[in-house]
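Presented below is the structure to which this report refers.
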Amino acid sequence: MLQDQQFLRIPGPSPIPPSVQRAMAQPMIGHRGSETSELLRSITPRLKKVFGTEQDVMIVAGSGTAGLEAAVINAVMPKEEVLVIVTGAFGARFAQICEAYGIRVHNYEVEWGKAFDPLEIQQHLRSLPKVRAVFATFCETSTGVINPIHELAAAVHEVSDALIIVDGVSCVGGVETKMDDWGIDIMVSGSQKAFMLPAGLMFVAVSERAWDVIDANPNRGFYLNLSKYRDNLEKDTTPFTPALSLLFGLDQVLTMMEKEGLENVYHRHTLMKEMTRAAFHALDIPLLTNDTDASGTVTAIQPKDFDAEEFRKMIKKEFNLSVAGGQERLKGKIYRIGHMGYCSPADVLQTIGMMELGLMKIGKNIELGKGVAAAQRIYLEKGQN
Ligand SMILES: Cc1ncc(COP(=O)(O)O)c(C=O)c1O
């Protein structure tokens, strides 16, 4: 096998563009100097656009889970009641974090592989008048579902003052996000998915309404106290040493997104999703989610007549192509293809081509090229140029 060549098609960490790699290799600068302030001034207004907000987006050194934890401890106090919508492993994580802080959790469980129904949640919420926050996952990475958070926010606001807190770790930057227009109170994301960076940064955007709640909360923790990040950001600085190399990279990521145009970034993700789905439909291999609930960033395949784990091992060994397995109750039952960030329709065609060969090699009789051809047809129909 050709050394050093790998095809990273897991749903994060995702590949890093060469210009972002180069940006991150810049020599270190003083974290309290004017260069860092300038860097933050360059990043902040552009990052807001990706979140669809006029509010500041806090940038914190930590993984996505630190972002979820920050949202929990800043917005909710121990013993308060919350509703957590669990559509997969990451919804469950929100509930675990809340429980770890002594928050009273009402879990709203949805079958893994399906999106939640906002009106059902609205109905459920009517019976829970003390709920202070509703937690939801935008893209549930463990199933490849994109949840209707826009409709959820509208439905919740009609019947409750609860804050809407959303985990957007695996899709913000890849799918349209209009936090302010949609009425989302806290949106969390992370660097290693659609933001095309290594893991290590998390982002938290907060609505005015949520700031009122946060400022009134005496238990905001220390490192994850979001008010500190906001107050420092107003002075173009950070409360603790920023992950400067990642910020150099983020500045370049934003430049790349601007050059492509955010609308085109979103279109590319939709296109890659549709190409991937068309390929598996053509090969008659079932997908976990239906077309409406499917995320632009990750697709889950649910094989009926071959072993997902054997297949993953085969394509890894044969091509150094990495895709993710199922998590928790879906372990061994599905595999997941990431098509986010630094990933193009050309990468999707290559991935499907390799997968067709991998399927033949594990003994599944398919017509070679059928999946690729179906994806190509989608590209011809809906591609950008
Ligand atoms: C939707 C979602 N939320 C949270 C996380 C956790 O992020 P991290 O692993 O960076 O802590 C992930 C990571 O895969 C995710 O996909």
Side-chain angles (χ1 to χ4, degrees), residues 8-16 50-51 58-73 84-100 110 112-116 134-149 152 164-175 177 179 184 186-205 223-224 243 246 249-250 253 269 273 288-289 293-300 322-331 334-341 343:
L8 187 63
R9 293 276 84 89
I10 59 173
S14 62
I16 318 275
V50 182
F51 279 74
M58 262 59 56
I59 308 169
V60 182
S63 84
T65 307
L68 305 186
E69 188 152 338
V72 169
I73 64 173
V84 180
I85 309 169
V86 180
T87 53
F90 292 102
R93 184 169 298 184
F94 249 153
Q96 286 162 356
I97 297 169
C98 289
E99 279 158 7
V110 177
W112 288 28
K114 295 207 159 61
F116 58 67
V134 175
F135 289 86
T137 316
F138 194 179
C139 168
E140 177 49 77
T141 328
S142 63
T143 62
V145 159
I146 195 101
N147 280 303
I149 56 159
L152 173 78
I164 317 282
I165 301 179
V166 176
D167 171 352
V169 169
S170 63
C171 61
V172 174
V175 305
T177 306
M179 186 180 152
I184 307 295
I186 301 186
M187 177 65 85
V188 178
S189 197
S191 51
Q192 77 273 27
K193 312 259 180 184
F195 278 99
M196 310 185 274
L197 288 164
L201 288 184
M202 58 86 160
F203 313 111
V204 190
Y223 182 72
L224 294 178
L246 292 171
L250 178 58
V253 163
H269 283 80
K273 167 186 78 171
L288 178 66
T289 63
D293 295 349
S295 171
T297 52
V298 51
T299 298
S322 302
V323 295
Q327 290 171 287
E328 299 178 20
R329 71 183 72 162
L330 291 173
K331 205 173 174 59
I334 61 165
Y335 69 91
R336 295 170 297 143
I337 306 173
H339 35 79
M340 62 175 87
C343 184

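Atoms within a ligand are numbered from 1 in the order they appear, just like the ligands themselves.
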Looking at every heavy atom in both P13 and L8, which two are closest together, and how far apart are they? O-CD2, 3.3 Å
Write 'none' if nothing qualifies; otherwise put on separate lines each N/O atom of ligand 1 with a protein N/O atom under 3.5 Å away and their distance to 0.1 Å.
| from | atom 1 | to | atom 2 | distance (Å) |
| --- | --- | --- | --- | --- |
| ligand 1 | 3 (N) | D167 | OD1 | 3.3 |
| ligand 1 | 3 (N) | D167 | OD2 | 2.6 |
| ligand 1 | 10 (O) | G64 | N | 2.8 |
| ligand 1 | 10 (O) | Q192 | NE2 | 2.7 |
| ligand 1 | 11 (O) | S63 | OG | 2.6 |
| ligand 1 | 11 (O) | G64 | N | 3.3 |
| ligand 1 | 11 (O) | T65 | N | 2.8 |
| ligand 1 | 11 (O) | T65 | OG1 | 2.5 |
| ligand 1 | 14 (O) | K193 | NZ | 2.5 |
| ligand 1 | 16 (O) | T141 | OG1 | 2.4 |
| ligand 1 | 16 (O) | K193 | NZ | 3.3 |

Taking every heavy atom of R336 against every heavy atom of T141, the minimum-distance pair comes out as NH1-O, 2.8 Å
Which residues share a ring-ring contact (aromatic ring centres under 6.0 Å, His included) with F116, sequence neighbours left out: none
Look at the aromatic rings of F203 and F195 and report parallel, tilted or perpendicular, splitting at 30° and 60°. tilted
So which atom in G200 and which in S191 form the shortest heavy-atom distance, rounded to 0.1 Å? N-OG, 3.3 Å
Scan L68, N147, V172, I149 and name whichever one has a side-chain contact (heavy atoms from CB on, under 4.5 Å) with D167. L68
